Each structure stands twice: as structure tokens, then as C-alpha cells.
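Inspection log for the structure reproduced underneath, given as C-alpha cells.
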Amino acid sequence: MFWFLLITMVVVVAAVTLAVVGGGDSEVLPDAAPEQLVDPLPLSRPVDRADIEALRLPVAARGYRMEDVDDVLDRLAAELAERDARIAELEAALAGAPAGGGAAEGDER
């Protein structure tokens with residue numbers, strides 16, 4: 001059993017050494033261009049669910065690119081604030097509307 005482990009270890013060390021030394025003739029890899037946000041959120045219309053589901057943020061060395069994430073979060077925050085204001089406006093208009101929609105029909109009879 002000892003000889004088997006010894007031979008296996010020698011074979012593994014030799015394979016790793018050949019892989020490291022054998023790659024010395026190749027050129028240095030060129031620097032990769034940083035990923036960019038391919039399909040940003042549309043500026044001409046409000047963001048919808050399909051836009052968010054299709055959004056893929058580019059990955060950097062330590063996670064996602066901060067500029068792209070900040071841009072997306074700023075845009076979503078602005079749209080949510082706009083929608084919340086519109087909902088509040090509609091709720092206020094609804095609260096001020098006459099509540100007796102059925103009473104007007106009853107008066108006509």
C-alpha cells in the first residue's frame with residue numbers, strides 16, 4: 001500500500017510540474033476589457049418587471065461593478081418614488097370623491 005501511494009504521489013507531482021513548466025512557451029494573456037452593462041434600463045419609458053428580470057449586471061473582481069449597481073438602484077428608487085406619489089395622489093382623489101355611487105342611481109328611480 002505504501003508503494004502504491006508513493007508512486008501515485010510521484011505521478012501527480014510530475015504531472016503538475018509538466019503542466020507548469022510546459023506552459024512557459026505561451027504568451028502572456030492580454031488584459032480583458034472590463035464588462036459593461038449590456039442592456040441598461042430604458043430611459044424612454046417606465047421600468048417594468050420584464051426589464052428587471054432581463055437585467056444582468058456585469059461582474060468585477062470583487063463582485064458587481066459599483067457604478068452600474070448604483071445607477072440601477074438610483075433609477076429604481078426614482079421610479080418607485082414617482083409611483084408612490086402617483087398612488088397617493090389617486091388615493092387622495094378617491095377619498096375626496098362622493099362615496100354614494102349607488103345612491104345617485106337610487107334617486108333616479
Side-chain angles (χ1 to χ4, degrees):
M1 183 69 166
F2 172 75
W3 290 107
F4 175 73
L5 291 175
L6 183 64
I7 292 170
T8 304
M9 188 169 55
V10 168
V11 169
V12 169
V13 168
V16 169
T17 303
L18 286 174
V20 171
V21 173
D25 295 339
S26 64
E27 297 179 20
V28 177
L29 294 175
D31 291 334
E35 290 185 34
Q36 298 294 324
L37 188 58
V38 176
D39 191 17
L41 297 175
L43 297 174
S44 60
R45 61 177 172 78
V47 176
D48 60 8
R49 181 181 178 144
D51 295 327
I52 300 300
E53 289 174 353
L55 182 67
R56 296 294 175 258
L57 296 171
V59 178
R62 293 190 177 195
Y64 292 103
R65 294 188 58 202
M66 291 174 54
E67 300 88 25
D68 292 333
V69 173
D70 290 343
D71 290 345
V72 168
L73 290 177
D74 290 344
R75 172 74 189 277
L76 292 176
E79 290 214 12
L80 285 175
E82 182 180 321
R83 288 179 186 177
D84 288 345
R86 179 69 177 147
I87 289 170
E89 177 184 317
L90 292 173
E91 286 177 343
L94 185 61
E105 292 177 10
D107 291 341
E108 292 178 4
R109 287 185 200 177

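Keep in mind it's a predicted model, so treat the numbers as computed, not measured.
- The closest side-chain heavy-atom distance from Asp51 to Arg75 is not below 4.5 Å.
- Considering CD of Glu67 and CG of Leu57, their distance stands at 11.5 Å, rounded to 0.5 Å.
- Note on Leu73 and Leu55: same hydrophobic cluster, where clusters join Ile, Leu, Val, Met, Phe, Trp and Tyr whose side-chain heavy atoms are under 4.5 Å apart, directly or indirectly.
- Side-chain contact between Leu5 and Thr8 is absent, with no heavy-atom pair separated by less than 4.5 Å.
- Counting only distance, with no hydrogens or angles, the side chain of Asp74 and the backbone of Asp71 share no donor-acceptor pair below 3.5 Å.
- Cluster membership for Leu76 and Tyr64, using ILVMFWY side-chain heavy atoms within less than 4.5 angstrom, is shared.
- For the side chain to side chain donor-acceptor pair (under 3.5 Å) test, no residue two or more places apart in sequence or in another chain qualifies with Arg62.
- Under the 4.5 Å side-chain heavy-atom criterion for grouping Ile, Leu, Val, Met, Phe, Trp and Tyr, Met1 is not connected to Ile7 through any hydrophobic cluster.
- A continuous path of hydrophobic side-chain contacts links Val69 to Ile52 [ILVMFWY only; heavy atoms under 4.5 Å].
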Anything under 3.5 Å between a donor and an acceptor, one on a side chain of residues 83-95, the other on a protein residue two or more places apart or in another chain? List them.
| unit_1 | atom_1 | unit_2 | atom_2 | d |
| --- | --- | --- | --- | --- |
| Arg83 | NH2 | Val47 | O | 2.5 |
| Arg86 | NH1 | Glu89 | OE2 | 2.7 |

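- The number of heavy atoms from other shown groups lying within 6.0 Å of CD (Glu79) is above 12.
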